[in-house]
There are 2 protein chains.
Amino acid sequence: MALGTDYSGQDCSLAKALEVVGERWSLLLVRDAFLGVTRFSDFRRRLDISKAVLTQRLGSLVEAGVLERRMHGGHDAYVLTPSGEALWPAVYALMRWGDATTSTRGPRRLFRHLPCDVDVDVSGRCPVCRATPPAAELETRPGPGAGTDPPTNPLSARLREPHRLLAPLRE
Amino acid sequence: MALGTDYSGQDCSLAKALEVVGERWSLLLVRDAFLGVTRFSDFRRRLDISKAVLTQRLGSLVEAGVLERRMHGGHDAYVLTPSGEALWPAVYALMRWGDATTSTRGPRRLFRHLPCDVDVDVSGRCPVCRATPPAAELETRPGPGAGTDPPTNPLSARLREPHRLLAPLRE
DNA sequence: CGTCGTGGTCTGTTCAACAGACCAATCGAG
DNA sequence: CTCGATTGGTCTGTTGAACAGACCACGACG
């Protein structure tokens, strides 16, 4: 999308947002970052994306301030910045719409507000404390709409187990 | 994006959603549909998109059940279906993220909950009735972050005036 | 020392988006 | 009725992004 990525001349917040996260793969990378994926090769395993494009996407997300790249011994780690974490409501809303339109058995993934120990509602709000919790306070687990096939790789298996959002899966 | 539009093999609601609205232009078309745009030529005027691609995008949104095409005398009208209207929380969340990351003077557009006569908050909720109102109950107007240049065409000028979402601008 | 995993770059190909020409149907003005 | 403008497209040639896959440098491990 990159050439056209500049929806220039548009005085619109949505267009600005899409210039950053509207390209192919971008939001799926952000989603996996919320789930705890941090490494180049792990993003690749999850997404079946070409290396060149992954390099480019991670680079542009870093440049846009959505991800931060941390050198970490032998390997790198890409983690969400506060600005990237602020994408959570948008990611959640799109997931719920995807569930509503394509799943007959309910959400594929559920999110529990850890301090209150309840699942958030369809608008992302905690029914107990009535707040819209940030991703860091949520734990995710498969929902009734989740697929039944065995995961294709150990990484995806780990991502299916209940775990806190934003917690890196590897040190 | 269309070839790759099938994020196939992904058991993920976000991927399903992006297969429908993740292509270039799609969400901007949906945004304009919320603002009341219904006609082929009006989408074109707003978006500076090639005719062939617009034809294709409108077609795939209709096929996906997001838009409905109504023959209407000499011209056609594309209007949001209930499923399309359900995209409002996602569109709103992305707009707010776009504002937060690219606007220094606040939101470019504000949304008022008509029954309660108050602006909705950053999470899309009405501070009075505490509900997350559907788009049909909202009125929009320019916010403090809106651009100051004069609109490039009469259509965009009309879209700047306060008006109810989903209300067609033309009969 | 060989080999595996990591994190890339480079090359050739394919396919979607683009600009712009063209066109049939309809509508309003004269 | 005729003329021109508008609407809602289709078609063609070009460009550029995504893709598959080869290659490579570095470090860890056995």
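Here is the naming used below: chain letters follow the sequence lines, and residue numbers restart at 1 for every chain.
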What is the distance, rounded to the nearest whole Å, between atom [atom1] of [X] and atom [atom2] of [N]?
X       : N      : atom1 : atom2 : value
B/Arg70 : D/dG8  : CZ    : C1'   : 19 Å
B/Arg24 : D/dA18 : CZ    : P     : 11 Å
A/Arg45 : C/dC4  : CZ    : P     : 15 Å
B/Trp25 : C/dA17 : CH2   : P     : 11 Å

So, OP1 or OP2 of [N]: does either fall under 4.0 Å of a side-chain N or O from [X]?
X       : N      : result
B/Gln56 : C/dA16 : no
A/Arg44 : C/dG8  : no
B/Ser50 : C/dA19 : no

Exercise. Answer yes or no: is there a donor N or O on one side and an acceptor on the other, between the side chain of A/Arg164 and the main chain of A/Ala136, under 3.5 Å?
Key: yes
Is it true that a side-chain atom of B/Asp99 and a backbone atom of B/Ser103 form a donor plus acceptor pair closer than 3.5 Å?
no
| request: Check side-chain hydrogen bond (donor to acceptor under 3.5 Å, both in side chains) between A/Asp149 and all other residues, then give those that pass, not counting sequence neighbours. | output: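 For A/Asp149 there are no side-chain hydrogen bond (donor to acceptor under 3.5 Å, both in side chains) partners, ignoring immediate neighbours.
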For B/Thr102, the side-chain hydrogen bond (donor to acceptor under 3.5 Å, both in side chains) test, sequence neighbours excluded, returns B/Arg108
Regarding A/Asp32 and A/Arg44, does a basic nitrogen lie under 4.0 Å from an acidic carboxylate oxygen?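 A salt bridge is absent here (no side-chain N lies under 4.0 Å from a carboxylate O).
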Can a salt bridge be assigned to the pair A/Glu68 and A/Arg70 using a cut-off of 4.0 Å between side-chain N and carboxylate O?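 The answer is yes: the pair qualifies as a salt bridge.
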List every contact pair, protein side and nucleotides 9-11 of chain D side both N or O, where the distance is under 3.5 Å.
residue, atom, partner, partner atom, Å
D/dG9, OP1, B/Arg69, NH2, 2.9
D/dG9, OP2, B/Arg69, NH2, 3.4
D/dG9, OP2, B/Asp76, OD2, 3.4
D/dG9, OP2, B/Tyr78, OH, 2.9
D/dG9, N7, B/Lys51, NZ, 2.9
D/dG9, O6, B/Lys51, NZ, 2.4

